[in-house]
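Worth knowing before you read on, the calculation uses all heavy atoms, side chains too, and leaves out hydrogens, waters and symmetry mates.
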Amino acid sequence: MVNPYIAAYCSTPNTPRMALKIIDHGSREYQQMVQLRNDMLRRPLGLLFTPEELESEKEEILIGAFEEEKMLGCCMLVQEEPASVRLRQMAVLNNLQGKGIGRALMQFAENIARDRGFKKITMHARKTAVGFYEKLGYKVCGQEFEEVTIPHCIMEKML
C-alpha cells in the first residue's frame, strides 16, 4: 500500500533535503526511530524502553524525517481525547538541531492531526525546548513539573 502521508521537503542552504512520512510500527524505519529516541532522549537520562512500552506504540502515529534511508528526526502523535492528540518523543540528531528538521516535523505532524480531525495538540515539553515550541505557536499551560527526572511544561496549540 502506498503511504498517502509522505511529503518532500525542499532543502534550504542550512536544511538537508528530506522526506517526511508516517512509518509503520515494527518496520526497519521504526527500529531507526527507537534507536534515535534511545540515543537522544532515554540513554542520557539512564533510561531504556521496555518491550511493553514499545508494544504499546502500535496504535500511535509514528513520524520520521529521512535523508534517503537515514532517519534525521522523529516524533509521534497519541490520541488523548476525541479531538486532541499529544505529541511525544520528539528527537532530532544532535548535529542537525537548528537546521529546520524539528520545525518541518512539527508542521507535518500538525497537518496529519488536522487531516484526521483533531483540533488540539498537547505535549509535555522539556523545559529546555519550550522556546522552540513557543516559536511554533504553542503556549505553556500549567506549572512546571518533573518527568523522567527533568523539568517539563505542558504546552498546547489549537489547530
Please write out which residues are connected to Leu48 in a hydrophobic cluster, directly or through intermediates, given that two of Ile, Leu, Val, Met, Phe, Trp, Tyr count as joined at side-chain heavy-atom separations below 4.5 angstrom.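 In the cluster with Leu48 there is nothing else; it is isolated.
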
Salt-bridge test for Glu81 and Lys120: reply yes if a basic N is under 4.0 Å from a carboxylate O, no otherwise. no

Would you call Glu57 and Arg37 a salt bridge, using N to O less than 4.0 angstrom?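 Arg37 and Glu57: salt-bridged.
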
Side-chain contact test, heavy atoms from C-beta onward, threshold under 4.5 Å: evaluate it for [X] versus [Y] and give yes or no.
X	Y	result
Ile23	Met71	yes
Asn94	Met40	yes
Ile121	Met106	no
Met18	Lys99	no
Lys119	Leu159	no
Asp24	Glu29	no
Glu69	Arg28	yes
Leu105	Val92	yes

Derivation of the side-chain contact (heavy atoms from CB on, under 4.5 Å) call for Gln89 and Glu60: CA-CA 11 Å; Gln89 299 285 293; Glu60 318 309 353; over 6 Å; no

Search all heavy atoms of [X] against all heavy atoms of [Y] and return the closest pair with its distance.
X	Y	answer
Ala65	Leu20	CB-CD2, 3.5 Å
Val130	Ala125	CG2-CB, 4.4 Å
Phe49	Glu53	CA-OE1, 3.3 Å
Met123	Leu87	CB-O, 3.7 Å
Leu45	Leu41	CD1-O, 3.5 Å
Val85	Ala113	CG2-CB, 4.0 Å

Do other residues, nucleotides or ligands put more than 12 heavy atoms under 6.0 Å from Gln143 CD?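 Result for CD/Gln143: open.
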
Is it the case that more than 12 heavy atoms not belonging to Glu146 sit under 6.0 Å from its CD atom?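 Yes, CD of Glu146 has more than 12 neighbouring heavy atoms, counting only those of other groups under 6.0 Å.
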
About how many Å separate [atom2] of [Y] and [atom1] of [X], when rounded to the nearest 0.5 Å?
X	Y	atom1	atom2	result
Met155	Thr122	CE	OG1	11.5 Å
Glu144	His152	CD	NE2	10.0 Å
Gln31	Leu54	CD	CG	8.0 Å
Glu67	Leu93	CD	CG	10.0 Å
Gln35	Gln32	CD	CD	9.5 Å
Arg88	Cys74	CZ	SG	11.0 Å

hydrophobic_cluster_shared for Leu136 and Ile112, side chain cutoff 4.5 Å: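 Yes, same cluster.
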
If two hydrophobic side chains count as joined below 4.5 Å and joins carry through other members, does Leu77 share a cluster with Ile154?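 Different hydrophobic clusters.
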
Could you tell me which residues satisfy side-chain hydrogen bond (donor to acceptor under 3.5 Å, both in side chains) with [X], sequence neighbours excluded, listed by chain and number?
X	value
Arg114	Asn111
Lys139	none
Gln79	none

Tell me every residue that passes ring pair (Phe, Tyr, Trp, His ring centres under 6.0 Å) with Tyr30, counting only those two or more places apart in sequence or in another chain.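 With neighbours one apart ignored, the set is His25.
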
Would you list the pairs meeting ring pair (Phe, Tyr, Trp, His ring centres under 6.0 Å) in which at least one residue belongs to residues 118-138, sequence neighbours left out?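 Matches after skipping sequence neighbours: His124-Phe145.
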
